[in-house]
> 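One structure, pasted below without further comment.
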Number of protein chains: 2
Amino acid sequence: MTHPTVGHPAGLPDDPRADVTAPTPECPVEITLAALHGRWTTLVIRELLRGDHSYSELRAALPVMSDKVLSDRLAHLTRAGVVDRDRRPSWPPRVRYTLTPNGHRLGPVLQALWDWGAYGEEPRSTGDDPVGLRELPVHPKADGAARC
Amino acid sequence: MTHPTVGHPAGLPDDPRADVTAPTPECPVEITLAALHGRWTTLVIRELLRGDHSYSELRAALPVMSDKVLSDRLAHLTRAGVVDRDRRPSWPPRVRYTLTPNGHRLGPVLQALWDWGAYGEEPRSTGDDPVGLRELPVHPKADGAARC
DNA sequence: CAGCATCCATTCAGATACTG
DNA sequence: CAGTATCTGAATGGATGCTG
């Protein structure tokens, strides 16, 4: 064990990456943060969690984002194995962007991010929770988990 | 409902923030990403999840990080309500950094980030999982969840 | 339709040096 | 011990204009 602390209860796997002393590309947390990296990235993923889109549909859904940033994000997410790009050799060109299985697995991740940020707020349509312990309900469909 | 899609099963709260078309500071996902923002941030949080530390203990645990970045991160995390700073008026000055309750709640968030990044890898000491479906076990202690 | 090229302002992190 | 001040280079994102 590289760093025997309370973080390492006996019997659990001690992944050396859990003890890195610098941000390395091998650390799973860094891998995920790298995939989500950049402004607008989570919004693009949210749109794709709702279903596949063409480039112009994404642009319409996120009108403030510039073309440069949108194509940057799509290229980045494609390289990260999150997004799949379907080029249809036709005229006008048709391209459909879809999430890979790995991309769909980001649903729970975005849900966890949402939950932390939404914690302790006043409830809405779901009903009251005076204790302030309310979390947004985890949707049965993993896809429903991703919001923004 | 602002944007009736598959993302919004009937009966679930439809938070308008789930449909923002730009990265706003009110979106819970953005809030969390803002808290985690910056290189080294998750590593600082990991160290504090293991227990409270002094400034120099953090510096020793993360030796490559510069003083400037460390104090930047601690200030940022303090502003974000993740870290608590205990100044002891003595000589030499003693300061202890601890996680707030909110900070501890980042444990599951880091676990979700870890899980996505670690997915599909070969298992280690826990035993084999030929199917490749292994996830790192969720620790009983929420704190143990955070690694890097 | 689906983009890439270019330019520019801003932010960020690392290095170095200094202080209550 | 526990930081802050300053500088610099690199990375980022937004605006604009052009192409297969």
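Every chain is numbered from 1, with letters handed out A, B, ... down the list of sequences. What's counted below: heavy atoms across the whole structure, side chains too, no hydrogens, waters or symmetry copies.
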> Of the options dT12(D), dA2(D), dT6(D), whose atoms approach the side-chain atoms of Arg59(B) most closely?
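The listed nucleotide nearest to Arg59(B)'s side chain is dA2(D).
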> For dG3(D), does either OP1 or OP2 sit under 4.0 Å from a side-chain N or O belonging to Ser71(B)?
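For dG3(D), OP1/OP2 do not have a side-chain N/O of Ser71(B) under 4.0 Å.
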> Classify the ring geometry of His76(B) against His37(B): parallel below 30°, tilted from 30° to 60°, perpendicular beyond 60°.
perpendicular
> Whether His37(A) contacts dT12(D) is assessed here as follows: a side-chain N or O lying under 4.0 Å from the phosphate OP1 or OP2. Is that the case?
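Yes, His37(A) has a side-chain N/O under 4.0 Å of OP1/OP2 on dT12(D).
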> Can you list, by residue number, the residues of residues 74-83 of chain A that have a non-hydrogen atom closer than 4.0 angstrom to DNA chain C?
none
> Could you say whether Asp67(A) or Pro93(A) is positioned toward the 5' end of DNA chain D, judged by the nucleotide with the nearest heavy atom to each?
Asp67(A)
> Check the phosphate of dG13(D) against Ser66(A), side-chain N and O only, distance under 4.0 Å to OP1 or OP2. Yes or no?
no
> Looking only at side-chain N and O atoms, does Trp40(A) come under 4.0 Å of OP1 or OP2 in dG14(D)?
yes
> Does this structure show an ion pair linking Glu57(A) with Arg96(A), if we count only N-O contacts that are shorter than 4.0 Å?
yes
> Check whether any side-chain heavy atom of Lys68(A) sits under 4.5 Å from a side-chain heavy atom of Asp72(A), and report yes or no.
yes
> Could you report the tightest heavy-atom contact between Gly117(B) and Thr32(A), atom names first, then the distance?
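Taking Gly117(B) first and Thr32(A) second, the nearest heavy atoms are N-OG1, 3.1 Å.
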> Of all nucleotides in DNA chain C with an atom under 4.0 Å from a non-hydrogen atom of chain A, which is the first and which the last going 5' to 3'?
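Contacts span dC1(C) to dT6(C), reading 5' to 3'.
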> Can you measure Arg39(B) atom CZ to dA11(D) atom P for me and round it to whole angstrom units?
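Result: 11 Å.
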> Is it the case that the side chain of Arg59(A) and the backbone of Asp67(A) share a donor-acceptor pair, with hydrogens and angles ignored and the cut-off at 3.5 Å?
no
> Among dC1(D), dG3(D), dG13(D), find the nucleotide with the atom closest to the side chain of Val95(B).
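Selected nucleotide (nearest to the side chain): dG3(D).
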> Before accepting this row, confirm whether a basic side-chain N of the pair Arg17(A)/Glu121(B) lies closer than 4.0 Å to the acidic partner's carboxylate O.
yes
> Classify the nucleic acid contact of Arg73(B) as base, sugar-phosphate or nothing, counting any heavy atom under 4.0 Å across all strands shown.
sugar-phosphate
> Do you reckon Tyr55(B) sits in the same ILVMFWY cluster as Val64(B), going by side-chain contacts under 4.5 Å, direct or chained?
yes
> When all nucleic acid strands are considered with a 4.0 Å heavy-atom cut-off, which category describes Arg85(A): base, sugar-phosphate, or nothing?
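Sugar-phosphate: the residue Arg85(A), judged by heavy atoms under 4.0 Å, touches backbone atoms but no base.
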> Hey, which of these two, Arg87(A) or Lys68(A), hits DNA chain C nearer its 5' end, going by closest nucleotide?
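On the 5' side of the pair lies Arg87(A).
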> Taking 4.0 Å as the cut-off, does a side-chain nitrogen or oxygen of Tyr97(B) come that near to OP1 or OP2 on dG3(D)?
yes
